[in-house]
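Presented below is the structure to which this report refers.
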Amino acid sequence: MPGLTPLELWQETGRDRTMGDTLLRLAGPPGDWRSGLVLGPTHEEVITELARAYLKSYKQLPITLYQIQTKFRGEARPKSGILRTREFLMKDAYSFHDSKESLDREYENLYAAYCRIFGRCGLPYLAVEADTGAMGGDVSHEFMVLTEAGEDAVAISERGDYAANLERAQAAPPAAPADVALQPIQEVHTPGAGRVEDVCRMLGTRPQDMLKTLVYQGTEGAERRIRVVALVRGDHEISETKLNKVAGTPLELADPETIAAVTGAKVGFAGPQGLIDRIDKLIVDREAAVLRNAATGANKTDYHVTGINPGRDFPLSGDKVILADIRTVVDGDLAPTANPSPLRLRTAIEIGHVFKLGTKYSHSMGATYLDQNGSAQPCIMGCYGIGLNRIMAAAIEAHHDDDGIIWPMSIAPFEAQVIGLDPRDTEVMRVAGEIHDQLAAVGVDVLFDDRDERAGFKFKDADLVGVPLRVVVGKKSLAAGGVEVSQRGVEGKQTMSLADAVRWVIGRVREEMAALTPK
RNA sequence: CGGGGUGUAGCUCAGCCUGGCUAGAGCGCUUGGUUCGGGACCAAGAGGUCGCAGGUUCGAAUCCUGUCACCCCGACCA
């Protein structure tokens, strides 16, 4: 597919706007050919353009197309070496279907294929439930490699029956509210206590007995400004990913002026009581909704209130009210499973992501096929990506020691390396060259170090680069009866004849590859 | 977009706070010699408008102002 893609395709799906600065647009004068091109950050639009041109009949479905290509995304801040770069390599696949069931089957196929690919790459990976973000669609899984070097967070249950990206992870639903007597609202003077900890210290209460009241603003539809109040328990952090999804539009924390206009108080003294008529939406976290006799802001600078009760003091139903899970889980929360165990938070590298897209792209771009009744239907789509650079990064994170990389055989740049230790010794170099040629002749991917460098230098380089198998030829090894073989990351080395060394390498390659091949 | 930091030899950096001889180190490079299976050693050498512009001063790498670039943290992130 093209790397430079027509801007008009992105306008058709609206992603020229929603992707914002992620899209690299060529800058040309109005009407100039450059003004109409975008360097592709992903290829849903392009593949859908191909689909609407060529997929006309249900008889052509299902079909899955893939490519390996350079992508470009205007990341706000590229970082972590090869992990997060503006330009990167992706293997991306797209599937087209005439039914949800067909999509489900192919999703399962590709999910399983991706598991085999990552297993074959020697990666300790994990599939987790994921948020679909700006891609759209409903169901999605990410493939993660757990490592400190990662920049994603995942929640995994101790029992191992639940794993999700932190953006999506949910805790078990809250228990029913405690059966206690409801207290009246009482106003308390809390000068300068804008933060939850300050209020707790002054009132002698705990964060989990407080309501955090957050004012957000955004736009709805074309241009209409909206104000949204979100409630979470005092000890919880709001998840803006979840909040935006529930609100159906991107929200941002309101500026101090808007907060003052909504609450009548400075930042830090907002409460949900009496606000419903002044806002467009009230979004209540399900755990905030079961609080009893909570403390929160009084909508009056330097004052808080106690004895706030959901349902009595602010509505839990009605047109403007949404009850949902909008908080980020924390380490130790219970998993939302039948037999709940605590969730643990880990950092991870995302190496692959699969989505059920549905008809988001085919509908907006008019990619339709004719079904058996002759009526036009939008294709049902899936998309499936693998970050190739990140496979390298994750493999190195997972397989290295103090001396350098230890490549899994399947993705090593070379399977074996022959080191001729003394390039000025003709016999050493003749034997080394012979081993190299014999290995190459039987299809082993072999690197030959014949540089005129000191022995230690070449050994250190070999360790650093991490080619799995090593054959060393030197005056010393020849005197000891042959050549020396060893495996990166494995203790010990052995001396054997030239012919045995060639057989040893071939055998080791075969065994390592077999060990990496899923059953 | 917010916060912090750094620009001095090819590379990594010290020197700056507290202005003062000819601006330093390690690595790399050049030449000669020795060494040669785990990133050698000895000797001699080349190499810098101290990011840029302006100012203060008898004197600026050092202090002040401006400017440019890069890095880190955060926000954001199919």
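What you are looking at is a predicted structure, and each value in this text was computed from that prediction instead of being measured. Just so you know, these numbers use all the heavy atoms, side chains as well, and skip hydrogens, waters and symmetry mates. The chains referred to below are lettered A, B, ... by the order of the sequence lines, with proteins before strands, and numbering in each begins at 1.
Using N1 to N3 plus N6-O4 or O6-N4 for Watson-Crick, or N1-O2 and O6-N3 for G-U wobble, each under 3.5 Å, C70(B) pairs with G5(B). As the counterpart of A43(B), U31(B) is assigned, both hydrogen-bonding distances of the Watson-Crick or G-U wobble pattern falling under 3.5 Å. Nucleotide U18(B) has no partner under the Watson-Crick or G-U criteria, as no pair reaches both atom distances under 3.5 Å. Across all strands shown, C36(B) has no partner, as no Watson-Crick or G-U wobble contact with both distances under 3.5 Å is found. G26(B) is paired with C11(B) under the criterion used here, namely a Watson-Crick or G-U wobble arrangement in which both key atom distances are under 3.5 Å. G59(B) is unpaired under the criterion used here, namely a Watson-Crick or G-U wobble arrangement in which both key atom distances are under 3.5 Å. As the counterpart of A53(B), U65(B) is assigned, both hydrogen-bonding distances of the Watson-Crick or G-U wobble pattern falling under 3.5 Å.
If you take atom P in U56(B) and the same atom in G48(B), they sit 30 Å apart, rounded to whole Å. Here, U57(B) and A69(B) have their C1' atoms 29 Å apart, quoted to the whole Å. The P atoms of C27(B) and A43(B) are separated by 12 Å, rounded to the nearest whole Å. Here the separation of G51(B) from U31(B), taken at their P atoms, is 32 Å to the nearest Å. One C1' atom belongs to C52(B), the other to C41(B), and the distance between them is 43 Å to the nearest Å. C58(B) and C21(B) are spaced 15 Å apart, taking the C1' atom of each and rounding to whole Å. Taking atom C1' on both nucleotides, A60(B) is separated from U18(B) by 14 Å, rounded to a whole Å. With C1' as the reference atom, C16(B) and U34(B) are 43 Å apart, rounded to whole Å.
In this structure, Tyr66(A) has no ring-ring contact (aromatic ring centres under 6.0 Å, His included) partners at least two apart in sequence or on a different chain. Listed by chain and residue number, nothing satisfies the ring-ring contact (aromatic ring centres under 6.0 Å, His included) test with His97(A) (two or more places apart in sequence, or in another chain). Checked against salt bridge (charged side-chain N to carboxylate O under 4.0 Å, His left out), Asp198(A) has the following partners two or more places apart in sequence or in another chain: Arg195(A), Arg201(A). For Glu484(A), there are no side-chain hydrogen bond (donor to acceptor under 3.5 Å, both in side chains) partners at least two apart in sequence or on another chain. Asp98(A) meets the salt bridge (charged side-chain N to carboxylate O under 4.0 Å, His left out) test with no other residue; sequence neighbours excluded.
With respect to the salt-bridge test (charged N to carboxylate O, under 4.0 angstrom), the residues Arg454(A) and Asp422(A) do not qualify.
Results of the salt bridge (Lys or Arg N to Asp or Glu O under 4.0 Å) test with Asp325(A) over Arg233(A), Lys242(A), Lys245(A), Arg168(A) single out Lys242(A) as the only residue that passes.
Looking at Glu453(A), its side chain has no donor and acceptor atom pair within 3.5 Å of the base of G39(B). Interface remark: the Asp422(A) side chain does not form any donor-acceptor pair with the G37(B) base, using a distance-only criterion of under 3.5 Å.
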Filtered N/O pairs between nucleotides 28-32 of chain B and protein, under 3.5 Å:
none

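The side chain of Glu240(A) sits closest to C76(B) out of G39(B), C76(B), A40(B). Between C36(B), G39(B), G37(B), one nucleotide has an atom nearer to the side chain of Asp461(A) than all others, and that is G39(B). Which of G39(B), A40(B), G37(B) sits closest to the side chain of Arg454(A) comes down to A40(B). Out of G39(B), C76(B), G37(B), the shortest distance to the side chain of Phe457(A) is found at G39(B).
The residue among Leu421(A) and Pro41(A) whose nearest nucleotide of RNA chain B lies closer to the 5′ end is Leu421(A).
Checking side-chain atoms of Gln67(A) against main-chain N and O of Met1(A) turns up a donor-acceptor pair under 3.5 Å.
Here the P atom of nucleotide C36(B) and the CE atom of Met429(A) are 19 Å apart, to the nearest Å.
Gln217(A) and Asp255(A) share a donor-acceptor pair across their side chains, judged by distance under 3.5 Å alone.
Phe72(A) comes within 4.0 angstrom of no nucleic acid atom, judged by non-hydrogen atoms across all strands.
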